[in-house]
Student: 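This is the structure I have questions about; it appears just below.
All values below were derived from every heavy atom in this structure, side-chain atoms included, with hydrogens, water molecules and symmetry-related copies excluded. From a predicted model like this one, the values you see are computed outputs, not experimental measurements.
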There are 2 protein chains.
Amino acid sequence: MPNVFRYPRPMSPDPRQPGAQRPDPQHPDPQHPGALAHLQSLPSWLAGRVAARGRALVAEAIATEGLKLQHYAVLANVADDGPLAQADLVRRLGFDPKDVVLLLNHLEHEGLVVREPDPRDRRKNAVTATPEGRRLLHTCARLADRANEHLLAPLDPAERRTLLALLTRLAQD
Amino acid sequence: MPNVFRYPRPMSPDPRQPGAQRPDPQHPDPQHPGALAHLQSLPSWLAGRVAARGRALVAEAIATEGLKLQHYAVLANVADDGPLAQADLVRRLGFDPKDVVLLLNHLEHEGLVVREPDPRDRRKNAVTATPEGRRLLHTCARLADRANEHLLAPLDPAERRTLLALLTRLAQD
DNA sequence: CCTTTTCATTGGGATGCCCAACGTTTTCCG
DNA sequence: CGGAAAACGTTGGGCATCCCAATGAAAAGG
């Protein structure tokens with residue numbers, strides 16, 4: 001179960017010498033089809049590059065509020081569907097239980113969530129969002145929107161809708 | 001400089017209880033706009049999810065040849081533009097020098113590349129692809145193509161071209 | 001000719017993902 | 001009803017990836 005919060009990096013666009021002819025990934029030279037050009041024209045590679053840039057932009061934006069992407073994801077889950085057990089978060093997010101402990105420690109320390117024993121099941125902690133957490137969640141949502149507008153800046157509104165529709169179809173399965 | 005080879009994982013599509021109503025990310029309920037639904041409708045999140053799945057598919061496919069995505073990327077760079085110095089690969093791929101050493105150790109051990117002192121500059125190793133390496137590169141390219149066809153299976157040919165065009169524009173900047 | 005830069009190797013560290021164990025609590029089954 | 005199994009949270013260990021840097025040798029620059 002891959003994790004979009006840890007973001008790996010794509011190769012630089014084309015690290016060849018300045019002025020070196022850069023193959024058009026859409027129309028590779030059939031006489032000299034490059035393995036590198038082919039790799040860089042794969043949808044998975046292109047999506048990876050866009051995703052890496054998108055995550056970097058969002059991560060940078062919400063870092064101004066002292067949060068990481070993972071914190072944002074935890075907070076969103078808890079605010080919408082809380083109270084949630086830590087094991088719920090582990091399942092929902094696909095995170096390591098240890099990492100969820102660390103994330104919650106930070107969120108709790110910042111007063112954004114509250115972790116309390118579940119009165120119905122003493123094995124569990126019930127995690128809920130505080131008003132401050134909800135407030136910050138709105139701020140993060142706005143920051144994330146702006147980062148995504150930056151990401152999609154080269155596209156016009158119709159192209160953005162098209163891209164979103166196609167990605168949404170591929171993202172669910 | 002983010003790296004698309006290490007692939008993080010998106011949240012599961014929607015981990016709510018079976019039967020729980022799942023918000024349509026394209027048309028969030030304006031009465032009850034969820035933070036989670038909002039996060040999951042961001043282009044960066046959607047691209048991350050598609051990218052994670054794409055990379056997982058490609059990684060799984062080329063693993064049958066004993067390679068990782070990073071090996072494939074190194075091999076493609078070396079085959080097209082070799083001989084390359086290790087420092088060239090570090091710059092091109094954005095990898096840690098230590099990781100490039102490990103990757104080349106494996107590729108060399110498998111007879112896919114040759115690492116020789118550069119006669120013109122004894123600081124450098126000249127890395128070149130062997131015929132066996134080029135052969136395997138073709139195999140990996142075919143495997144990667146099939147994995148990407150699998151990734152894009154829900155789209156018809158016109159939609160695939162549209163997606164590719166939009167991603168290509170976003171991927172270069 | 002000396003200083004600076006580059007190269008490859010390697011050290012250390014942080015983070016995220018994999019595995020598992022432990023004690024407590026709850027659920028399940030005979 | 002009681003014991004076994006499962007769930008929960010915490011924590012340990014380990015590996016891979018990304019960050020930092022140091023070292024000695026070689027090349028470039030002033």
Student: Restricting to salt bridge (charged side-chain N to carboxylate O under 4.0 Å, His left out), what partner residues turn up for A:Glu116, sequence neighbours left out?
Tutor: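 With sequence neighbours excluded, A:Glu116 shows a salt bridge (charged side-chain N to carboxylate O under 4.0 Å, His left out) to no residue whatsoever.
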Student: May I have the distance from B:Leu69 (atom CG) to D:dC18 (atom P), rounded to whole angstrom?
Tutor: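 Nearest whole value for this atom pair: 12 Å.
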Student: Please identify each residue that fulfils salt bridge (charged side-chain N to carboxylate O under 4.0 Å, His left out) with A:Glu65, with sequence neighbours left out.
Tutor: none
Student: Can you tell me the distance, in whole Å, between the NE2 atom of A:His71 and the C1' atom of C:dG16?
Tutor: 13 Å
Student: Please produce a list of atom pairs where a protein N or O lies less than 3.5 Å from an N or O of nucleotides 21-24 of chain D.
Tutor:
none

Student: So how far off straight is the helix from C:dC1-D:dG30 to C:dG30-D:dC1, going by the axes through five pairs at either end, to 10°?
Tutor: 20°
Student: How close or far is atom P of C:dA8 from atom CZ of B:Phe95, stated in whole angstroms?
Tutor: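 To the nearest whole Å, that distance equals 16 Å.
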Student: Keeping to residues at least two apart or across chains, list the salt bridge (Lys or Arg N to Asp or Glu O under 4.0 Å) pairs with something in residues 127-142 of chain B.
Tutor: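 Output for this query lists B:Glu132-B:Arg135.
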Student: Could you tell me how far apart B:Leu89 (CG) and C:dT6 (P) are, to the nearest whole angstrom?
Tutor: 17 Å
Student: Expressed in angstrom and rounded to an integer, what is the separation of A:Leu84 atom CG from D:dC8 atom C1'?
Tutor: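 Between C1' of D:dC8 and CG of A:Leu84: 14 Å.
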Student: Show which side-chain atoms of residues 99-107 of chain B pair as donor or acceptor with protein atoms under 3.5 Å away, not counting sequence neighbours.
Tutor:
unit_1	atom_1	unit_2	atom_2	d
B:Asn105	OD1	B:Arg115	NH2	2.5
B:Asn105	ND2	B:Val101	O	3.4
B:His106	NE2	B:Gly66	O	3.2

Student: Any side-chain N or O of A:Lys98 below 4.0 angstrom from OP1/OP2 of C:dA21?
Tutor: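 For A:Lys98, the contact criterion (side-chain N or O under 4.0 Å from OP1 or OP2 of C:dA21) is not met.
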Student: Which heavy atom of B:Leu39 sits nearest to which heavy atom of A:Ala73, and what is that distance?
Tutor: CD2-CA, 3.9 Å
Student: What pairs with A:Arg123 under side chain to side chain contact (heavy atoms under 4.5 Å, CB included), at least two apart in sequence or on another chain?
Tutor: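 Applying side chain to side chain contact (heavy atoms under 4.5 Å, CB included) to A:Arg123 gives A:Asp121.
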Student: Under the side chain to side chain contact (heavy atoms under 4.5 Å, CB included) test, which residues partner B:Arg122, sequence neighbours left out?
Tutor: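 Checked B:Arg122 against side chain to side chain contact (heavy atoms under 4.5 Å, CB included); zero matches.
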Student: In whole Å, what is the span from the CG atom of B:Leu103 to the P atom of C:dA8?
Tutor: 14 Å
Student: Could you list by number each residue of residues 115-126 of chain A showing a heavy-atom separation from DNA chain D of less than 4.0 Å, or answer none if no residue does?
Tutor: A:Arg115, A:Arg123, A:Lys124, A:Asn125
Student: For the pair made of CD in A:Gln86 and P in D:dC8, what is the distance, rounded to whole Å?
Tutor: 11 Å
Student: With A:Thr128, which residues qualify under side chain to side chain contact (heavy atoms under 4.5 Å, CB included), at least two apart?
Tutor: A:Pro83, A:Val114
Student: Quick check: on DNA chain D, is the nucleotide nearest B:Leu102 upstream (toward 5') of the one nearest A:Val101, or the reverse? Name the residue that is more 5'.
Tutor: A:Val101
Student: Show me the pairs that pass ring pair (Phe, Tyr, Trp, His ring centres under 6.0 Å) and involve residues 140-172 of chain B, at least two apart or across chains.
Tutor: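 Checked against ring pair (Phe, Tyr, Trp, His ring centres under 6.0 Å) - neighbours excluded - no pair reaches residues 140-172 of chain B.
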Student: I'd like to know if A:Arg169 and B:Glu159 make a salt bridge, using a cut-off of under 4.0 Å between side-chain N and carboxylate O.
Tutor: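 Counted as a salt bridge, because a side-chain N and a carboxylate O are separated by less than 4.0 Å.
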Student: Under the side chain to side chain contact (heavy atoms under 4.5 Å, CB included) rule, collect the residues that match up with A:Ala158, sequence neighbours excluded.
Tutor: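 A:Ala158 satisfies side chain to side chain contact (heavy atoms under 4.5 Å, CB included) with A:Asp156, A:Arg161 only.
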Student: State whether B:Gln70 places a side-chain N or O below 4.0 Å from either non-bridging phosphate oxygen (OP1 or OP2) of D:dT17.
Tutor: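 So the side chain of B:Gln70 is within the cut-off, an N or O lying under 4.0 Å from OP1 or OP2 of D:dT17.
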